[in-house]
There are 2 protein chains.
Amino acid sequence: MSHTLGIRQAQKQKTRQALLDAALGLLEEQSLSSLGLREVTRAVGVAPTAFYRHFRSTADLGVALVEEALGSLHPMIRTTVSTTGDSEERITRTIELIARHVDGYPAHVRFIARERHGGVQPVREAIREQLARFAQEVKDELAKDPVSAGWTEDDLLMLAHLYVDQMLITASLFLEALEGPEREREERTRHVAQVATRQMRLIGLGRHHWLD
Amino acid sequence: MSHTLGIRQAQKQKTRQALLDAALGLLEEQSLSSLGLREVTRAVGVAPTAFYRHFRSTADLGVALVEEALGSLHPMIRTTVSTTGDSEERITRTIELIARHVDGYPAHVRFIARERHGGVQPVREAIREQLARFAQEVKDELAKDPVSAGWTEDDLLMLAHLYVDQMLITASLFLEALEGPEREREERTRHVAQVATRQMRLIGLGRHHWLD
DNA sequence: CCATGCAGTTAACAACTGTTCTCTGTAATT
DNA sequence: AATTACAGAGAACAGTTGTTAACTGCATGG
């Protein structure tokens, strides 16, 4: 099925990926709206004009980064929310998954947290769409749970959004813990996990008593 | 008590405020990390070098904006959370207060949402501190409520953080509704209010069953 | 009333930006 | 084998940026 693409296309994609990687690196200490295309090409070691072969603008590159950061995350979400087990166990697993993801892709997480409300409209829009998809998917999984019997579609969606936002906040807090001095890292990470766990637990309690 | 400051100091503060206002306006369609000091002075109609009489850098100006946006909000938070009445009534009032605030100071709200995770470290730090203060204050008010009998200090604080984050998310959603086309504005605002109310209600339910 | 302090101005700087046009080498197609 | 397509290079453009220095005018304090 997968066509092995020629030397030419392969090299192009390589450069494109290098541009994305360099941009993601530069965005650790600034926002997308201040990222210059010359800055990016300089970091890759390529002529400024080469940028235009891949992206119309840095905003365009930003949209591509959103896809890279969130696009591949949907299956992970689905399986995590849907896995069986008591709710306490599910919470622990979710928090741990978030921690692991932040550990593995800190720059991606930072980028999403930063640009979700950032200064570049198309990027905000792209993130909004992806998060709306996440909420839909979480809703679909919640609907399968017997606890959701008697729930409105609207109520399921509002709960899903609550979960998604909560996960994002937690991810961002894990990131802050990672960025701090190494001595405190372990303790701060543990603390974030503990607080997030209890918040999820409290939301879960509210969920179980929703129809009272 | 209040010393009427001379002509000179008054004019200085006027220019300073003009710089802050101009910056806030320019930040509606970009992030602080891309805001140039020339851009700001040009908008005010003042020489670029005049900027240095008031701020060391745009980052410094950003910190001042945080103070302006959040500093005066603490009393409002306290009174809102602490007012008596049944919890349903309290939720409605809180949501309405948020809606009103976003309506009155949209640029401030946008600035905080944008720069909370933005590219300028000192500004992030300043926002973090203010929000931590909010959480503390909410905690203090929660502690007075009889529902909080038997709660750990830690648990009260984790709930307070949940509330604060939830309020920020709601504010940001109200803002998005405001920014959209006018035809949909009223409906979207109503929708945001409705969802936020139910989320608060669910969290409130979780709160009441926390000690089960 | 005069000397000082200081908000704001003017001019200049080196460095940087996005974008255009022209060119080159080579992979892909015929 | 000859032709085409196209990723990337190179040079030049007009504008922009932050920061410096030396200045001017005027409110303020002695």
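Residue numbers start from 1 in every chain, and the chains themselves are labelled A, B, ... in the order their sequence lines are given, proteins ahead of strands. Values reported hereafter were calculated over all heavy atoms of this structure, with side chains retained and with hydrogens, waters and symmetry mates removed.
Interface limits on DNA chain C: the 5'-most and 3'-most nucleotides within less than 4.0 Å of chain B heavy atoms are C:dG5 to C:dA12.
Between the side chains of A:Q17 and A:E68, a donor-acceptor pair is found at a separation under 3.5 Å. Residues A:Q194 and A:R190 bring no donor and acceptor atom of their side chains to less than 3.5 Å of each other. Between the side chains of A:S34 and B:S34, no donor N or O sits under 3.5 Å from an acceptor N or O.
The residue among A:A50 and A:R38 whose nearest nucleotide of DNA chain D is located toward the 5' end is A:A50. For the pair A:K12 and B:R56, both in contact range of DNA chain D, the more 5′-proximal nearest nucleotide belongs to A:K12.
No salt bridge links B:R42 with B:E39; every basic N to acidic carboxylate O contact stays at or beyond 4.0 Å. With respect to the salt-bridge test (charged N to carboxylate O, under 4.0 angstrom), the residues B:D154 and B:K139 do not qualify.
Within a 6.0 Å radius of CD in B:Q9, no more than 12 heavy atoms belonging to other residues, nucleotides or ligands are found.
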Kindly determine whether B:R110 and B:E179 satisfy salt bridge (Lys or Arg N to Asp or Glu O under 4.0 Å), including the steps that lead there.
CA-CA 11 Å; B:R110 180 181 300 113; B:E179 286 167 336; 2.7 Å; yes
Using a 4.0 Å heavy-atom cut-off to protein, can you give one letter per nucleotide of nucleotides 22-30 of chain D, 5' to 3': B if the base is in contact, S if only the sugar-phosphate is, - if neither?
---BBBS--
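With hydrogens and angles disregarded, a donor-acceptor distance shorter than 3.5 Å links the side chain of A:Q199 to the backbone of B:M158.
In this structure, A:R16 reaches neither bases nor backbone, as no heavy-atom distance under 4.0 Å exists between it and the strands shown. Backbone-only contact: B:T15 has heavy atoms under 4.0 Å from sugar-phosphate atoms and none from a base.
In this structure, the nucleotide among D:dT16, D:dT20, D:dG8 sitting nearest to the side chain of B:Y52 is D:dT20.
In this structure, B:L26 atom CG and D:dT17 atom P are separated by 11 Å, rounded to whole Å.
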